[in-house]
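Below is one structure, written out as structure tokens; comments come after it.
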Amino acid sequence: MAPCREIYRLCLVTDRDLAGTRGLVSIVGSAVAGGVTMVQLREKTAPTRAFVNEARALMSVLRPLGIPLLINDRADVALAVGADGVHVGQDDMEIDMLRHLLGPNALIGLSITKDSDLAESAATRADYLGIGPIFPQSTKPDAASPIGLAGLAAMRRRTTKPILAIGGITLNNAASILKAGADGLAVVSAIMAARDPAAAASAFRSITM
């Protein structure tokens, strides 16, 4: 059974550098208290054991609250900690293989950065699509060019899959992104770097209600 679209309203994508000395678990806990509906653990440089330990720590916070934890790129880490699913890019493991490894109930998200990505069959087999960057952003050095609101609206017309918009999302542009067709927001720096992550998440959540 497909998950309720409510879980896509506000996804926190983690960033270790932005967490700084406060730590990911502390920030995620605060953000969830503020209204985050899903968390994606994104680690690009952490050793595998540290990645697993961080994921396990987040699971202990999120599972009792019923908040899904997705692991960026790494099916092995998701399996090791019993995470709810994975989010992958166009060059990562194929969707069918992920489904085979993780099972029918795993949540699988796929990054979409351009029109041609939507034409690929993988886009029809993922549970949701992470589309962006919508606006210029600074947390992902290898990010594609921004597609803007018009690009997002055009992609919305081509798919019925739940869309999580990502890239350069702020409180000032969040409403326009939803109006362009996104089901929810995937936010990185505007929550991770906020002085009060709970308040920042609450402000975004009020827009996505």
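This chain uses plain numbering: 1 for the first residue, then up along the sequence.
Side chain of Arg9 to main chain of Asp183: a donor-acceptor pair is present (N/O by atom type, distance under 3.5 Å, no hydrogens or angles). Remark: side-chain polar atoms of Asn173 are not paired, donor with acceptor, to backbone N or O of Ile169 under 3.5 angstrom. Under the 3.5 Å distance criterion, the side-chain polar atoms of Thr37 are matched with a main-chain donor or acceptor of Ile7. Within the 3.5 Å criterion, the main-chain N or O of Gly132 finds no donor-acceptor partner in the side chain of Thr113. The closest donor-acceptor contact from the side chain of Thr159 to the backbone of Met155 lies at 3.5 Å or more, if one exists at all. Here the side chain of Gln90 pairs a donor or acceptor atom with the backbone of Ser111 at under 3.5 angstrom.
In this structure, Leu98 CG and Asp92 CG are separated by 8.0 Å, a value rounded to the nearest 0.5 Å. Annotation: the span from Ile191 atom CD1 to Asp15 atom CG amounts to 12.5 Å, rounded to 0.5 Å. In this structure, CD1 in Ile163 is found 8.5 Å from CZ in Arg5, a value given to the nearest 0.5 Å. In this structure, the separation between CE on Met97 and CD1 on Ile95 is 11.5 Å, given to the nearest 0.5 Å. With values rounded to the nearest 0.5 angstrom, Ile112 atom CD1 is found 8.5 Å from Lys114 atom NZ. Between the CG atom of Leu62 and the CD1 atom of Ile67 there is a distance of 7.0 Å, given to the nearest 0.5 Å.
Across Arg74, Lys44, Arg56, a single residue satisfies side-chain contact (heavy atoms from CB on, under 4.5 Å) together with Phe51, and that is Arg74.
Considering only heavy atoms from C-beta on, Met93 stays 4.5 Å or farther from Val88 through its side chain. When side chains are defined from C-beta on, Ile71 does not count as touching Arg42, because their heavy atoms never get closer than 4.5 Å. Side-chain contact between Tyr128 and Leu70 is present, with at least one heavy-atom pair separated by less than 4.5 Å. You'll find the side chain of Ile131 stays beyond 4.5 Å of the side chain of Ile166, heavy atoms only. Between Ile177 and Phe135, the closest side-chain pair of non-hydrogen atoms falls below 4.5 Å. Between Ile27 and Met192, the closest side-chain pair of non-hydrogen atoms falls below 4.5 Å. A 4.5 Å side-chain heavy-atom check between His87 and Val13 finds every atom pair outside the cut-off. Looking at Val86 and Asn72, their side chains never come closer than 4.5 Å, going by heavy atoms from C-beta outward.
Across all non-hydrogen atoms, the minimal contact from Ile134 to Ala165 is CG1-CB, 3.9 Å. Counting all heavy atoms, side chain and backbone alike, Ala31 lies closest to Ala201 at O-CB, 3.4 Å. Among all heavy-atom pairs drawn from Met59 and Pro64, the shortest one is O-CD, 3.9 Å. A pairwise comparison of heavy atoms in Pro68 and Asp84 identifies CA-OD2, 3.4 Å as the closest pair. Nearest approach of Pro197 to Ser30, heavy atoms of both residues: CB-CB, 4.1 Å. Closest of all the heavy-atom pairs between Ala182 and Leu178 is O-CD2, 3.6 Å.
By the rule that hydrophobic residues join a cluster once side-chain heavy atoms approach within less than 4.5 Å of another member, Tyr8 and Ile108 end up as members of separate clusters. No path of Ile, Leu, Val, Met, Phe, Trp and Tyr side chains, each step under 4.5 Å between heavy atoms, connects Val32 with Leu107, placing them in separate hydrophobic clusters. Both Val52 and Leu102 are assigned to one and the same hydrophobic cluster, defined by single-linkage of ILVMFWY side chains at heavy-atom distances under 4.5 Å. When the side chains of ILVMFWY residues are joined at heavy-atom separations under 4.5 Å, either directly or via intervening members, Val36 and Val188 end up in a single hydrophobic cluster. One hydrophobic cluster, built from ILVMFWY side chains closer than 4.5 Å, cannot hold both Met209 and Leu171; they sit in different ones.
A salt bridge does not link Asp127 with Lys161: none of the charged nitrogens is closer than 4.0 Å to a carboxylate oxygen. Salt bridge present: Arg205 and Glu6 bring a charged side-chain N and a carboxylate O closer than 4.0 Å. Under a 4.0 Å N-O distance rule, the pair Asp96/Arg99 does not qualify as a salt bridge.
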Working for side chain to side chain contact (heavy atoms under 4.5 Å, CB included), residues Leu24 and Glu43: CA-CA 11 Å; Leu24 282 183; Glu43 286 285 0; 3.7 Å; yes
Intermediate values then yes/no, side chain to side chain contact (heavy atoms under 4.5 Å, CB included), Leu69 and Arg63: CA-CA 8 Å; Leu69 175 67; Arg63 181 56 56 84; over 6 Å; no
Criterion salt bridge (Lys or Arg N to Asp or Glu O under 4.0 Å) on Glu54 and Arg16, from CA distance to verdict: CA-CA 10 Å; Glu54 196 111 65; Arg16 175 184 293 272; 2.7 Å; yes
Run the numbers on Leu164 and Leu185 for side chain to side chain contact (heavy atoms under 4.5 Å, CB included), then give the verdict. CA-CA 5 Å; Leu164 263 177; Leu185 310 171; 5.6 Å; no
Might you work through the side chain to side chain contact (heavy atoms under 4.5 Å, CB included) test for Asp115 and Arg158, ending with a clear yes or no? CA-CA 9 Å; Asp115 281 343; Arg158 294 181 57 199; 3.6 Å; yes
